[in-house]
There are 4 protein chains.
Amino acid sequence: MTTLRADARRNREKILAAARELFRERGTAVAFDDIARRAGVGIGTLYRRFPDRESLIRDVTVEGFESGLAALDAARAAGGGPMAVLEEVFRRIVEQRDHLVMPLIGGPVLHDERVQELQRAIVDALAQVLEDGRAQGEVRADVGPFDLITAAAMVCRPMPHLPKEAAQALAARHTAVYLHGLRPAGARPLPPAGDPSAHLAMD
Amino acid sequence: MTTLRADARRNREKILAAARELFRERGTAVAFDDIARRAGVGIGTLYRRFPDRESLIRDVTVEGFESGLAALDAARAAGGGPMAVLEEVFRRIVEQRDHLVMPLIGGPVLHDERVQELQRAIVDALAQVLEDGRAQGEVRADVGPFDLITAAAMVCRPMPHLPKEAAQALAARHTAVYLHGLRPAGARPLPPAGDPSAHLAMD
Amino acid sequence: MTTLRADARRNREKILAAARELFRERGTAVAFDDIARRAGVGIGTLYRRFPDRESLIRDVTVEGFESGLAALDAARAAGGGPMAVLEEVFRRIVEQRDHLVMPLIGGPVLHDERVQELQRAIVDALAQVLEDGRAQGEVRADVGPFDLITAAAMVCRPMPHLPKEAAQALAARHTAVYLHGLRPAGARPLPPAGDPSAHLAMD
Amino acid sequence: MTTLRADARRNREKILAAARELFRERGTAVAFDDIARRAGVGIGTLYRRFPDRESLIRDVTVEGFESGLAALDAARAAGGGPMAVLEEVFRRIVEQRDHLVMPLIGGPVLHDERVQELQRAIVDALAQVLEDGRAQGEVRADVGPFDLITAAAMVCRPMPHLPKEAAQALAARHTAVYLHGLRPAGARPLPPAGDPSAHLAMD
DNA sequence: CATGAATGAGGGTTCATTCAT
DNA sequence: TATGAATGAACCCTCATTCAT
C-alpha cells in the first residue's frame with residue numbers, strides 16, 4: 001500500500017465514504033453490494049481493496065478516530081479554559097456525528113497498530129485537558145480519559161429511527177448535561193472504573 | 001391472545017427469553033433458527049407465536065418498557081427526594097442492563113398500542129419526578145422526560161466487545177456524571193429539543 | 001439420520017443419483033446448483049442433506065464401494081476358478097463404469113468409518129481370491145489386493161472427451177491385457193509396493 | 001510465434017513450467033492468477049501469451065507429447081528387443097509421471113496441428129515396435145498403438161491424494177503387470193476397439 | 001399444535017477477462 | 001510490452017418463510 005495508482009486511490013476514498021454512510025444508516029452488517037453500488041465501483045474492486053469486512057471496518061474506524069483527534073486538537077488550539085476545550089470538542093463531534101463512526105472501548109479493531117497509535121494520542125491529549133481542569137478546579141478529579149471517550153461514542157452512536165435533526169438535538173442536550181456533570185461542585189465519587197485501557201474499538 | 005394453553009404459554013416465555021438474550025448478544029437481526037434452538041422449540045412453533053420479526057421485537061420491547069416502568073415505580077415507592085429517586089431508577093436499570101432491551105425514542109414499534117400506553121405511563125411518571133425536582137430546586141428546569149429516556153437507552157445499549165462488568169462499570173460512571181449534571185447550579189440552558197414525543201422506539 | 005421421513009429419503013436418493021452422474025461428467029467440483037437442479041430439489045434441500053461437498057463425495061464414494069463389493073460377491077457366487085472370478089468382477093465393473101465413482105487409494109474420505117469398513121471387506125475378499133489363485137498356480141504371487149483396487153479405479157476413471165462406447169471399449173481392452181498379465185508364467189517380480197493400506201479414497 | 005524476444009521467451013517458459021506444475025497439483029481448472037503468480041509474471045502477461053485456457057492446455061499437452069516421443073525414441077535407440085523397448089519407454093514415462101501431462105485419446109486439443117503431428121509420430125513409432133514384437137512372437141497380435149497410449153495416459157494420471165512415491169510405485173506395478181499381459185502366451189482375443197484414431201486429447 | 005423438511009431469494013466471495021497506466 | 005486495477009458473472013451458502021407430516 002506504499003503508493004497507490006491515482007485511480008485506485010480515488011476508488012479507495014469513494015468506498016470509504018460510502019461505507020461510512022451506510023454503516024451509520026444500516027449498521028456494519030450492510031451488504032457489500034450496496035456499498036460498492038453507492039461508491040460507484042464494482043464489487044470486485046471493493047474486495048480487492050478490502051478483502052474482508054473487518055478491514056473495511058478498521059479503516060472507517062481509523063478515519064473516525066482521526067476526526068476525533070482533529071476535533072480535539074482544533075479545540076485545544078482555539079484556546080480557553082479546560083472546560084471550554086471540552087465543550088468545543090463535543091460541539092464539533094456532535095456536529096459531525098452522522099459522518100462519524102466513533103469506536104467504543106473494546107473490540108477486535110483494537111489489535112490494529114494504527115488504531116492503537118491514535119487511541120494513545122487521544123488518551124494522552126484528554127488526560128492533559130483533564131489534568132488542567134483538575135488543577136483549575138473546573139473538573140472533578142475522578143473522571144478519566146476513557147469516560148470521555150465512552151461519552152463521545154455514546155452520543156455518536158446511530159439512532160436509526162430518528163431524523164437527523166432529532167438525533168442531533170438529543171445528542172447535544174445529553175452532551176450538555178453530561179459536561180455540566182463534570183464540574184466538581186457537590187460531586188459524589190464515581191463507581192470504580194476497572195481497567196478500561198484493556199479495550200478500545202468500534203461498536 | 002386471551003388465554004393460552006399452559007404449554008403454549010410456556011413456549012412463549014421460553015422464546016421471549018431466548019430472543020432477549022440473543023438480541024443483546026448479536027443484535028435483532030439474529031437468525032430465527034437460533035432463537036428457536038436456544039428456546040428449545042421448533043422453528044414452526046416460533047413462527048406460530050410470532051409471525052414476523054417485528055412482532056417478536058415488539059414483545060421484547062414491551063418487556064423492556066415494563067421493567068423500566070417497574071424500576072421507576074419501585075424507586076418512587078422507596079421514597080427520598082426527586083434526585084434520590086432518579087439515582088435509584090438508574091441504579092436499577094444499569095444493574096439489569098444486559099437483560100434489558102431499552103427502546104430509544106422513535107421507530108416502528110411506536111405504532112403498537114401497548115408500547116404507547118407504557119411510554120405514556122413512563123413519561124408521566126418522569127414528568128412528575130422532574131416537576132418535584134424543579135419545585136425543590138434539585139433539578140434544572142430545561143430537562144424533560146425524553147432526555148431521561150434517551151439517557152437510559154444510551155447507557156443500556158449493548159457494548160458487544162466488552163465483558164459484562166466493564167460495560168456495566170462504564171455505564172454506571174456515565175450515569176453518575178449525567179445525573180450530577182442535572183442539578184441546576186451554574187447550568188447554562190440546553191439546546192432546544194424539537195418535539196420528541198413524535199418518536200419512540202427500539203434501536 | 002436414524003429414520004428419515006419418506007419424502008426426505010426420496011430426495012436424498014435423487015440427490016445422490018444426480019451427484020454421481022455429474023461427478024462423472026464434470027468432476028467433483030461441479031456446481032451444487034446444477035446438482036440440485038438435476039435432482040429436482042431446491043438448493044437448500046441439498047445443503048440440508050449434505051452440509052458440505054465432502055459429505056456428498058463421501059456418500060457417493062460409499063455407494064461406489066458398495067457396488068464394487070457387490071460385483072465381487074456376485075462374481076464369487078457365480079463360481080469358477082480364481083481367474084474366472086477376477087474376470088467376472090472386472091467385466092461387471094467396466095459394464096457399469098459410468099455409473100460408478102470408484103475411489104482410488106488415498107484421500108480424505110479414508111477417515112470415514114463406513115468407507116473403511118467397506119474397504120476392509122473388499123481387501124479381504126480380494127486377498128482370498130488372490131490366495132486361491134496363487135494356490136492353483138493361476139495368479140502371480142507378488143500381486144496384492146491394492147493392485148487390483150488401483151486397476152479397477154484406473155479403468156473406471158472418467159474419460160470426459162470420449163463417447164461412452166469408446167471409453168468402455170478402451171477400458172475393457174486395458175482390463176483384458178492387465179488380467180492376462182496377472183498369470184505367473186514368465187513373470188518378473190514387481191517393484192515394491194510400500195504400504196498401500198495407509199491410503200484409500202476417491203480421485 | 002516465429003521468433004520471440006528473449007525476455008518474452010523466458011516468460012513463456014516460466015508460465016508453461018508453472019502451469020504444468022499447477023495442472024498436476026490442482027487440475028487444469030486452476031486459477032490463472034495463481035499460475036501467473038507462481039510464474040512470477042503479471043496476469044496481463046499470461047493473457048498476452050495464452051489468450052485462453054485452451055491454448056495453455058494445448059501447449060502443456062504438446063510438451064507432454066514431446067516428452068513421450070522423446071522417451072520412445074530414446075528407448076528405441078537404446079536397442080534391445082521390442083518388449084525391452086516397451087519396458088524402457090514405460091519406465092521413463094512413469095519416472096517422470098509427475099512432470100507429465102499425458103493426453104488421453106480424444107478431446108478438443110486434437111484439432112491442433114502440432115498435436116496431431118506428434119500424435120501421428122507416436123502412433124507410427126509404436127506401430128513399428130508392435131509390428132516387430134508380433135514378428136518376433138513377443139507381443140500379442142490384437143494390441144494396437146492406441147491401447148498403449150491409453151495405458152500410458154492411465155498410469156500418468158494424477159492421484160492427488162497420494163504422496164508422490166506411493167503414486168509412482170502403484171503406477172510402476174500396474175505397468176509391469178500390463179506389459180506382462182502384452183505377451184501372447186495363452187492370450188484370448190481382446191474385445192473390439194472401434195476406431196480410436198477419431199480421438200486424441202488431454203484428460 | 002408442534003415439528004422439521006423444502007424452498008429460493010439474496011448476500012458473500014472468487015476469478016476469468018478486459019483495459020488503463 | 002508488462003503490469004495490475006476494475007469489472008461482473010457465477011458459484012457458494014445462509015436463512016426467512018411455507019407447508020407436509
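All heavy atoms count here, side chains included; hydrogens, waters and symmetry mates do not.
Residues that satisfy the salt bridge (Lys or Arg N to Asp or Glu O under 4.0 Å) test with D:R114, not counting sequence neighbours, are D:E66, D:E117. For C:F50, the ring-ring contact (aromatic ring centres under 6.0 Å, His included) criterion is met by no residue, not counting sequence neighbours. Legend: residues meeting salt bridge (Lys or Arg N to Asp or Glu O under 4.0 Å) with D:D34, ordered by chain and number and at least two apart, are D:R26, D:R37.
For the segment residues 34-47 of chain C, residues with any heavy atom less than 4.0 angstrom from an atom of DNA chain E are, sorted by number, C:V41, C:G42, C:I43, C:G44, C:T45.
Candidate nucleotides F:dT1, F:dC12, E:dG11 were compared by shortest atom distance to the side chain of D:R48, and F:dT1 ranks first. For B:A8, the listed nucleotide lying nearest its side chain is E:dA2; candidates were E:dA2, F:dA5, F:dC12. Of the candidates F:dA2, E:dA2, F:dC15, E:dA2 carries the atom nearest the B:D7 side chain, counting heavy atoms from C-beta on.
For the pair A:F50 CZ and F:dA5 P, the computed distance is 14 Å after rounding to whole Å. If you take CZ of D:R9 and C1' of F:dT1, they are 17 Å apart, rounded to a whole angstrom. Taking atom CG on A:L56 and atom P on E:dT13, their separation rounds to 12 Å, with Å as the unit. Atom NZ in C:K14 sits roughly 16 Å away from atom P in E:dA5 (whole-Å rounding). As rounded to whole Å, 16 Å separates atom P of F:dA9 from atom CG of C:D33.
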> Given pairs defined as Watson-Crick or G-U wobble with both distances under 3.5 Å, what dot-bracket annotation applies to DNA chain F, with ( ) intrastrand, [ ] crossing, | other strand and . unpaired?
Replying inline: .||||||||||||||||||||

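Residue pairs that meet the ring-ring contact (aromatic ring centres under 6.0 Å, His included) test with at least one member in residues 27-49 of chain C, sequence neighbours left out, are C:F32-C:Y47.
OP1 or OP2 of E:dA6 lies within a sub-4.0 Å distance of a side-chain N or O belonging to C:R49.
By the 4.0 Å N-to-carboxylate-O rule, A:E25 lies too far from A:R20 to be salt-bridged with it.
For the pair C:A29 and B:F32, nearest-nucleotide mapping onto DNA chain F gives the more 5' position to C:A29. Summary of the strand contacts: A:N11 and C:D52 both lie near DNA chain F, and taking for each the nucleotide with the nearest heavy atom, the more 5' one is attributed to A:N11.
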